[in-house]
Every structure is written in C-alpha cells, then in structure tokens.
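Okay, structure first, notes after.
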Amino acid sequence: MASHGGLQIADVPIADGLIAETTPDDALRIDCSDYCVLPGIVDLHGDAFELELHPRPGVDIALPIAMGSVDRQLLSNGITTAFHGLTVSWEPGARSLAAGRHFMDGLRSLRRQLVADHRVQLRWETYAHDAIDDIADWLTWDPTPAIAFNDHTTATLETVKSGRQDSLDKWARRAGMSLEQYVAAAETAGRRALLVPDKIREVAAMASRAGATMLSHDERTGVERAEFRNLGANICEFPLAPEVAESAIAFGEHVVMGGPNVIRGGSHMGAMSAEEAIRDGRCTVLASDYYYPSLMHAVEQLVERGVVSLGEAWNLVSRNPAAAMDLGDRGSIGVGKRADLVVIDTSGPWRLVYTVIEGTVLRIGR
C-alpha cells in the first residue's frame, strides 16, 4: 500500500473473507504499491436507485434489472455497503406504501445475488400513518432496517401556500397525479398533523425494541434535535441550520451531509455548506444522497482543497458511517474485519482500480 496522506505502507492479508493476521502461503498476491488501499465506502443514505427503478414518470423497470444496475454502480464507485433510502409516504406512485412493499420484498429475495451489501434506511414520512404496521413487520427482518424520520409534508404544504407551481408539478408527476389531485392529497395528509407526535413516538418505540438505528432528517432547530435525541434518534441527517449540527456534535452524535454538496460547493437548497461544516468539525459523515459517484470524488476534492487529510476525509465515508450504523465489522482495515476494500489510483483524477468484497477481487479498470 503506497504511503499517502499519513497512510501506511503494509501488506493487507485476506483469509476467509476477513482481514487476516498473516498471509496464507498459497495466497494470490496483488501488487498495489502504486495505489491507495482503503476500506470500502459505507453509504448510509442513497436514493439514486429510484432513478434506476423509475427513469421517467410512467416508466417502471423490473426490480431485479434495476438493482443489478445499482449493484454495478455501487461497486464501480467504491461503495461496498449501501443503505438505500426508501421513502415510504402518503403519496401514490414511486414513494407509496405499495411501492415500498414491492421494493422490500424484492430486495429481500435479491440480496444474496448481489455483490455489494445492500441494506435499507426506511425514510418514513411522519404523516404516512398507514405504513406503521408494515414498518413493524420490516423491523423483524434481517438485516434490521434503519429508520429515518422525515417530514416533507409540512414543506409541501408551505409550497402549496407559496404557489411555487414548478416544484408541485414535479412532485405531482412523480406521484402520477394531476397538480390538483396532488395538492388535495397533500392537504388531506396535512390534516393528520395533531396525530403526528404520537405516531413518531410509536414508531421510535418500535425501532428501539428492534435495536434499529434511528436518524432524524432536515431538522431546523436545536429543539427538534433534542426531541429526536430523546426518542433515540442519535444521527442527525442533513441539518438545515448550524445550531442543529452543533447540538448534535455537543452530544457526540454523528452529523450526515451530502457528497454532492461538497462537489457543488454548497447546498442546492441554500442550506449548510458541507465543506464549511467539515472544516468546522460540524459534519462527521458524507452520504451519496442522490448520486453514487459523489462520495469518492467529494473525498478527492476535500483533499485537493486542503480541507482535511486523505485519512480524515476517508473516515467521512467509511469508518464514521460504519460506526454510526453500528457496523463494527467494517469501515477500517484491521484483523478480523470484513475484507471490504477499494484500491484507488490517485496519480491523476482519482480512479478505482479494484473493489474487494469479503475477499473477492473485482477488477474495475485502469
């Protein structure tokens, strides 16, 4: 392994899919002296799979085909463990409860055929009360899905009041509805507002009993962070204000922001800048969000801009997300850990040379 940014030069022995203490005599040897060997990326929030399943409104690709394509995308971008951000909402269409059931059942049957470790982060829309019984069932599955608490309904109703029709048109097309139908459905969901706090507590209690990791999403204030912390949601995902991230860091919690935010140089929504948050110690994890290649290339840009060292930057996409999601068997290179590794050529624009999943070497290209 080449020395780079504080990384060490050392052999990485692999036996039976794990990092070993010594190299077996009959081992296949791969010379990576010109490259960086790093632990595989753990993506705790990615929803680019939605585009593979539904590339255009009304165009639905069979789940085995779509997820096979997703699997190859993950591997070619150094992602060895992926939590698919499955939104379960009151909307019909791609984010409906029916679509969620189809995805969960399909992925359960496909997991052993896929190479990367595919898991689920259930992005539960807190106004989607019809989904709670299904969530209770899914929490009994192995591996246990993570639960993220999302409230996009309030923002949708604010958009309705503001009259920003371009956003509403896009969301209506995604749901397969006319604009009028979509607005009516959002207003119907909004009438559940008084029930939402109790439903959140109910789902949080179920998740706690199941030992599921819990995340809160798009928090606006430190008060919101404290409320979800008290429910056991100790990962702060895409905070909308610095005070939220600061509150999480003060309590030793992980703060998740998006790789595309780093590449873009800021949030497309005008929220916090991920690069500034990383500089200030207010971001501990990067997620792919909606674009799988963003993670490796966000790390590359952070290193090139002198924001952090390579080791520190890679922790944002491997060690820290693994720790946040309670996956102690990966995220670093150490004896007994899963042999999930990526080999990267950093001599020019970063390129993946190999991906290794539990000791199986997949040549990506050079």
Side-chain angles (χ1 to χ4, degrees), residues 45-61 66 84-103 121-132 134-135 148-197 199-200 203 215-221 224 237-241 244 256-258 260-261 264 266-274 287-291 294:
H45 173 117
D47 57 32
F49 73 93
E50 290 184 336
L51 187 61
E52 297 299 306
L53 284 168
H54 314 287
R56 292 276 181 91
V59 179
D60 300 320
I61 305 302
H84 299 299
L86 177 69
T87 299
V88 182
S89 175
W90 46 262
E91 295 182 17
R95 294 187 168 183
S96 65
L97 176 56
R101 290 168 176 162
H102 177 68
F103 182 86
Q121 182 208 97
L122 290 170
R123 299 178 62 196
W124 174 56
E125 181 64 30
T126 57
Y127 284 71
H129 300 166
D130 292 346
I132 292 176
D134 289 86
I135 291 171
F149 297 91
N150 292 255
D151 174 13
H152 292 153
T153 305
T154 299
T156 298
L157 294 173
E158 290 172 356
T159 303
V160 170
K161 290 179 182 177
S162 72
R164 296 198 304 272
Q165 189 165 327
D166 54 341
S167 295
L168 292 170
D169 279 335
K170 180 179 72 174
W171 300 335
R173 287 196 301 273
R174 181 182 66 199
M177 307 173 83
S178 69
L179 177 60
E180 293 75 16
Q181 290 172 326
Y182 184 79
V183 169
E187 290 175 340
T188 297
R191 287 195 280 274
R192 303 170 189 157
L194 293 178
L195 301 174
V196 167
K199 296 299 184 182
I200 290 174
V203 172
L215 312 87
S216 55
H217 184 84
D218 281 0
E219 291 164 320
R220 298 172 182 268
T221 67
E224 285 184 66
E237 186 178 65
F238 302 106
L240 296 179
V244 179
V256 183
M257 299 187 74
N261 186 318
R264 188 180 185 274
S267 166
H268 74 282
M269 296 174 59
M272 290 173 56
S273 161
S288 72
D289 198 1
Y290 53 83
Y291 188 59
S294 69

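Heads up: numbering here begins at 1 and tracks the sequence.
Between the side chain of Trp171 and the backbone N or O of Ala175, no donor-acceptor pair lies under 3.5 Å. The main-chain N or O of Thr87 is never found under 3.5 Å from a side-chain atom of Glu125 such that the two would form a donor-acceptor pair. In this structure a side-chain-to-backbone donor-acceptor pair under 3.5 Å is missing from Asn150 to Ser89. Within the 3.5 Å criterion, the main-chain N or O of Tyr127 finds a donor-acceptor partner in the side chain of Arg192.
Residues Thr188 and Trp90 have side chains not in contact (no heavy-atom distance under 4.5 Å, counting atoms from C-beta outward). Asp47 has its side chain within reach of Arg123: a pair of non-hydrogen atoms, C-beta onward, lies under 4.5 Å apart. In this structure, the side chains of Val183 and Glu180 stay at 4.5 Å or more apart for every pair of heavy atoms.
Heavy-atom contacts from other residues, nucleotides or ligands closer than 6.0 Å to CZ of Phe103 number more than 12. Heavy atoms of other residues, nucleotides or ligands lying less than 6.0 angstrom from CZ of Arg220 number 12 at most.
Between the CZ atom in Arg174 and the CG atom in Asp169 there is a gap of 12.5 Å [rounded to 0.5 Å]. A distance of 6.0 Å separates CG of Leu122 from CD1 of Ile135, quoted to the nearest 0.5 Å. Remark: Leu168 CG to Ser162 OG distance equals 7.0 Å, nearest 0.5 Å. Separating the CH2 atom in Trp124 from the CD1 atom in Ile132 is a distance of 4.5 Å, to the nearest 0.5 Å. In this structure, the separation between OH on Tyr290 and CD on Glu50 is 13.5 Å, given to the nearest 0.5 Å. Note: Glu158 CD to Thr153 OG1 = 11.0 Å, rounded to the nearest 0.5 Å.
Across every non-hydrogen atom of Met257 and Pro239, the tightest pair is CG-CD, 4.4 Å. Here the closest non-hydrogen pair linking Phe238 and His217 is CD1-CE1, 3.4 Å. The shortest heavy-atom contact between Leu240 and Asp218 is CD1-O, 3.5 Å. Here the closest heavy-atom approach between residue Leu97 and residue Asp130 is recorded as CD2-O, 3.6 Å. Annotation for Asp289 and Pro260: closest pair CB-CD, 4.1 Å, computed over non-hydrogen atoms. The two residues Gly93 and Ala99 make their nearest non-hydrogen contact at O-CB, 3.4 Å.
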Stepwise side-chain contact (heavy atoms from CB on, under 4.5 Å) check, Val244 with Glu224
CA-CA 8 Å; Val244 179; Glu224 285 184 66; over 6 Å; no
